J.: 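So that we are looking at the same thing, I have put the structure below in structure tokens.
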Amino acid sequence: MSGELAGEVALVTGAGSGLGHRFATVLAGAGAAVAVAGRRKERLEELVEQIEAAGGRALAVPLDIADAVEIPGAVDTVEAGLGPVTVLVNNAGIPDAKRAHRMPLEVVDAVLATNVRGPWQLSTEVARRLIAADRPGRIVNISSLSAHDYGHDGAAGLYSVTKAAVERMSEVHAVEWAKYRINVNAIAPGAFLTEMMDGMIDRLKTSEEEMAAGWPRNRFPRPEMLDSTLLYLCSPASEAVTGTVVKVDDGQHRR
């Protein structure tokens, strides 16, 4: 384990699987105490065991980011177990798989609550406490290249809209909280091979190789290829970087 983030307390949402699972492991490996949040308690507890077996500190925090009532209590739980949150990674998100004109209102509400309202509320909850304690902090919001490039063959239009909102939220919060030494940035990954992507491949009745064949490097990038970007934005090395969106897509998308 490195000590790059020693003394920091990180909260990672959507940590039960996919990129969130990787992010939590990477932050713990850099020396942060990590609270792993999500809806699947068993997955979270397994991750805590993995982190602790590697010599880190971790805490499982059951949280449905779409439930506004749960958020303040979840932050209280982290503070009681590990200390005040100084690094927040808003990773939790859900896709939609329907065209806009066929999307039920309950799907619209669920995607907006999970992808936009929840991260907004959690960011403000953490920032409010950092400001009151006069402590600096880092917030990293996970966006998507779909916020910038949406094709006619896509069926995740609302997801694309929410990720564009996440990027604007990052810019707005960066401006508002700069004077409090809270840096807010976003990472916009392309298509990485995760459980969410596995589900999309199944729905499209295609394969990993067929989907990747249309990209310049003919491959799916792996989650570990985001490690350096995440660590940079969470560490003192990025002290002057705020309100920035870092695109990481292995050359998949247009610019």
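This one's a predicted model, so the numbers in the text were calculated from it and none came from an experiment. Throughout, residue positions are numbered sequentially from 1 according to the sequence presented.
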J.: Strictly by salt bridge (charged side-chain N to carboxylate O under 4.0 Å, His left out), give each pair with a member in residues 184-193 just once, sequence neighbours left out.
T.: none
J.: Mind checking what makes side chain to side chain donor-acceptor pair (under 3.5 Å) contact with E8, not counting sequence neighbours?
T.: T86
J.: For E125, check salt bridge (charged side-chain N to carboxylate O under 4.0 Å, His left out) against everything at least two apart and list the hits.
T.: R128, R129
J.: Between side-chain atoms of residues 234-247 and protein atoms elsewhere (two or more places apart, or another chain), which donor-acceptor pairs fall under 3.5 Å?
T.:
{"residue": "S235", "atom": "OG", "partner": "L231", "partner atom": "O", "Å": "3.1"}
{"residue": "S235", "atom": "OG", "partner": "Y232", "partner atom": "O", "Å": "3.2"}
{"residue": "S235", "atom": "OG", "partner": "A237", "partner atom": "N", "Å": "3.3"}
{"residue": "S238", "atom": "OG", "partner": "Y232", "partner atom": "O", "Å": "2.7"}
{"residue": "S238", "atom": "OG", "partner": "L233", "partner atom": "O", "Å": "3.4"}
{"residue": "S238", "atom": "OG", "partner": "S235", "partner atom": "O", "Å": "3.1"}
{"residue": "T242", "atom": "OG1", "partner": "V184", "partner atom": "N", "Å": "2.9"}

J.: Name all residues meeting the salt bridge (charged side-chain N to carboxylate O under 4.0 Å, His left out) criterion together with R39; count only those two or more places apart in sequence or in a different chain, and write none if there are none.
T.: none
J.: Could you name each residue pair satisfying salt bridge (charged side-chain N to carboxylate O under 4.0 Å, His left out) that touches residues 172-188, not counting sequence neighbours?
T.: D134-R181
J.: Distance-only check: which donor-acceptor pairs under 3.5 Å involve side-chain atoms of residues 105-122, not counting sequence neighbours?
T.:
{"residue": "T114", "atom": "OG1", "partner": "A110", "partner atom": "O", "Å": "2.9"}
{"residue": "N115", "atom": "OD1", "partner": "I94", "partner atom": "N", "Å": "2.9"}
{"residue": "N115", "atom": "ND2", "partner": "I94", "partner atom": "O", "Å": "2.9"}
{"residue": "N115", "atom": "ND2", "partner": "T162", "partner atom": "OG1", "Å": "3.2"}
{"residue": "R117", "atom": "NH2", "partner": "A66", "partner atom": "O", "Å": "2.4"}
{"residue": "Q121", "atom": "NE2", "partner": "A68", "partner atom": "O", "Å": "2.9"}

J.: With sequence neighbours excluded, what pairs up with E52 under the salt bridge (charged side-chain N to carboxylate O under 4.0 Å, His left out) test?
T.: none
J.: For residues 20-35, which residue pairs qualify under side chain to side chain donor-acceptor pair (under 3.5 Å), counting only residues two or more places apart or in two chains?
T.: R22-D227
J.: List, by chain and then residue number, the residues other than V172 in its hydrophobic cluster (Ile/Leu/Val/Met/Phe/Trp/Tyr, side-chain heavy atoms under 4.5 Å); write none if there are no others.
T.: none
J.: Can you list, by chain and residue number, the hydrophobic cluster partners of V69 when the side-chain cut-off is 4.5 Å?
T.: none
J.: Once side chain to side chain contact (heavy atoms under 4.5 Å, CB included) is applied, do any residues pair with R217, and if so which ones, sequence neighbours excluded?
T.: R219, D250
